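Report on the structure given below.
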Amino acid sequence: MTSLIKSLPPHLQTLLQTHPDLSIDAKEGLVFGQTPLQAIATKYGSPTWVINADILTARYKKLDQAFKDEQLDVSIHYAMKANGHLAILDLLAKEGAGADIVSGGELLRALKAGISPSKICFSGVGKTEEELTLAIETQIAQINVESREELHLLSKLAQKIGKNAAVCLRINPDVDAKTHHKITTGLAENKFGIAYKEAISVYKEAHELSNITPLGFDVHIGSQISSTDPYRQAFVKMVELIKEARAQGLEVSTLDCGGGFGISYHDEQEASPAAIAALMKEVLAPLNLKLGIEPGRWLIGPSGILISKVVMHKDNGADTAPFVIIDAAMNDLVRPAMYDAWHGILPINAEIYQRPYKALNIDGPVCESSDIFARDRSLPNLQPGDFIAILDAGAYGSVMSSTYNARPMAAQIMVSGKQAEIIQARQSVEDLWQDEIIPTFSSKNT
Ligand code: LLP
């Protein structure tokens with residue numbers, strides 16, 4: 001293998017430095033973990049999601065090890081909303097992970113993947129009676145209750161079923177996670193959790209209500225958080241709260257510390273498991289709690305990419321960079337359109353890297369001006385037929401896809417070393433209308 005890294009312009013060298021699982025080989029082109037992507041792109045076509053099982057497993061082990069190094073016993077509940085494919089849950093379950101779920105659908109999916117109810121916690125502001133009933137019946141480890149109203153409903157349902165519900169109260173600490181406003185959850189203005197100043201009184205009620213087993217508290221302040229500062233602020237507030245609860249004679253055994261650990265999409269620093277573990281050790285260990293976390297993006301984000309093919313190279317004159325239209329779109333990966341998210345883009349075939357670099361606009365084909373993947377991105381001059389990889393697409397990628405513009409869902413492949421297997425077949429166009437029904441009154445009119 002001859003790496004091309006030294007011949008790359010500085011901005012791509014930086015991108016590769018923040019993405020140690022990617023390399024560019026003079027012959028094999030872009031290599032993801034141990035897997036060259038050229039053959040995958042040619043064999044499976046595009047757009048195609050690729051999940052690298054080796055990277056995912058290594059990331060899980062790194063996170064788990066960071067807590068072990070601090071002699072902290074922390075349960076990892078994978079936030080499966082980030083990517084709940086059964087193959088991913090299966091892999092993480094085998095590593096020992098539990099699941100953080102947000103719907104009855106995710107509960108059934110986690111159980112289907114073989115995750116024990118004793119390793120499942122349930123978050124979410126609008127759990128329905130049916131979902132809560134299912135959670136009580138399956139006796140999951142922990143229901144993160146987000147309001148006084150939900151606590152009372154849960155007690156009523158648990159009495160009806162004749163079982164107990166184990167509860168943590170999700171507290172809104174009013175701490176700024178310093179991330180994109182659309183993925184901030186711990187400010188008082190956000191809908192999530194119980195207001196900090198209400199926490200003790202609601203926790204008291206939890207002790208008085210029938211069929212409720214109060215375990216403690218939960219705090220999740222947002223997503224894609226790159227510094228430990230917001231966590232420190234939130235944890236310090238939780239420590240005060242737990243001390244106050246204990247002083248009032250209320251038992252607190254558990255603190256769920258949420259998720260949100262950021263990854264490096266561009267040149268930002270990825271959240272360090274060692275730094276998070278050290279912080280938890282320093283601030284939380286003295287309280288002798290059962291600790292848990294709910295990471296999603298940090299585990300699966302860098303473990304996935306989206307392969308796409310250039311459809312058109314469209315020159316709109318001197319006032320703008322050329323538009324490179326690709327066959328992936330906002331219906332596949334909505335993050336750039338929804339959060340102005342920046343995703344790295346790298347050509348897959350080695351020979352593309354020999355071309356002159358040019359500022360390019362990379363856009364999807366959907367009829368929306370927000371269907372953008374990159375603006376003025378300096379890349380080798382891409383041409384129709386070229387394959388590219390959109391990086392860090394494992395989290396909040398395929399799970400947020402739609403079929404807008406009658407575009408079938410993309411195929412999904414899982415790779416490990418030199419092996420690759422389809423884990424989700426490409427949807428056919430016919431699949432899109434198979435459940436659609438023309439009402440009888442319309443057919444009567446003809
Ligand atoms: N726990 C709770 C209660 C959550 O709401 C979330 C994410 C997580 C854990 C996991 O957060 P993570 O570790 O993945 O940051 N679609 C957005 C992200 C939405 C996050 C929603 N909640 C995006 O693509 O950036």
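Only a predicted model underlies this, so the values are computations on that prediction, with no experimental measurement involved. In each ligand, atom 1 is the first atom listed, and ligand 1 is the first ligand listed.
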query = Applying a strict 4.0 Å limit to heavy atoms, is G260 in contact with ligand 1?
reply =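 G260: in contact with ligand 1 (<4.0 Å).
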
P295 to ligand 1, any heavy atom closer than 4.0 Å =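 The answer is yes: ligand 1 sits under 4.0 Å from a heavy atom of P295.
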
key: Residue selection (non-hydrogen contact nearest atom 3 (C) of ligand 1) among M80, M338, E146, E294   = E294

Proximity winner for atom 25 (O) of ligand 1, if only heavy atoms of M400, Q224, R297, K182 are counted = R297

Are [X] and [Y] ion-paired here, with the side-chain N under 4.0 Å from a carboxylate O?
X: D100; Y: K81; value: yes
X: K163; Y: E137; value: no
X: D363; Y: R375; value: yes

task = Any chance you could lay out the side chain to side chain contact (heavy atoms under 4.5 Å, CB included) test for S223 and T179, step after step, and finish with the verdict?
result = CA-CA 7 Å; S223 194; T179 182; 5.8 Å; no

Where on [X] is there a heavy atom closer than 4.0 Å to ligand 1, on the side chain, on the backbone, on both, or on neither?
X: Y339; result: side chain
X: S223; result: both
X: N144; result: neither

Just to confirm my output: which protein heavy-atom neighbour is closest to [atom], and how far is it?
atom: atom 5 (O) of ligand 1; answer: K81 NZ, 3.3 Å
atom: atom 19 (C) of ligand 1; answer: I183 CG2, 3.8 Å
atom: atom 24 (O) of ligand 1; answer: R335 NE, 2.6 Å
atom: atom 8 (C) of ligand 1; answer: H220 CE1, 3.4 Å

task = Applying side chain to side chain contact (heavy atoms under 4.5 Å, CB included), run through I390 and I326 and close with a yes or a no.
result = CA-CA 11 Å; I390 302 175; I326 60 175; 4.0 Å; yes

For ligand 1, is there an N or O atom under 3.5 Å from any N or O atom of [X]?
X: Y396; answer: yes
X: G296; answer: yes
X: G222; answer: no
X: R170; answer: no

Could you tell me if [Y] and [X] have a donor-acceptor pair between their side chains, going purely by distance under 3.5 Å?
X: E368; Y: Y404; answer: yes
X: N144; Y: E146; answer: no
X: E129; Y: T133; answer: no

task = Any atoms of ligand 1 less than 4.0 Å from a non-hydrogen atom of A79? List them with their elements.
result = 8 (C), 9 (C), 10 (C)

request  = Give me the ring orientation class for Y203 and F217: parallel if the planes are under 30° apart, tilted from 30 to 60°, perpendicular past 60°.
outcome  = tilted

query = For atom CG of D431, is the number of surrounding heavy atoms from other residues, nucleotides or ligands below 6.0 Å larger than 12?
reply = yes

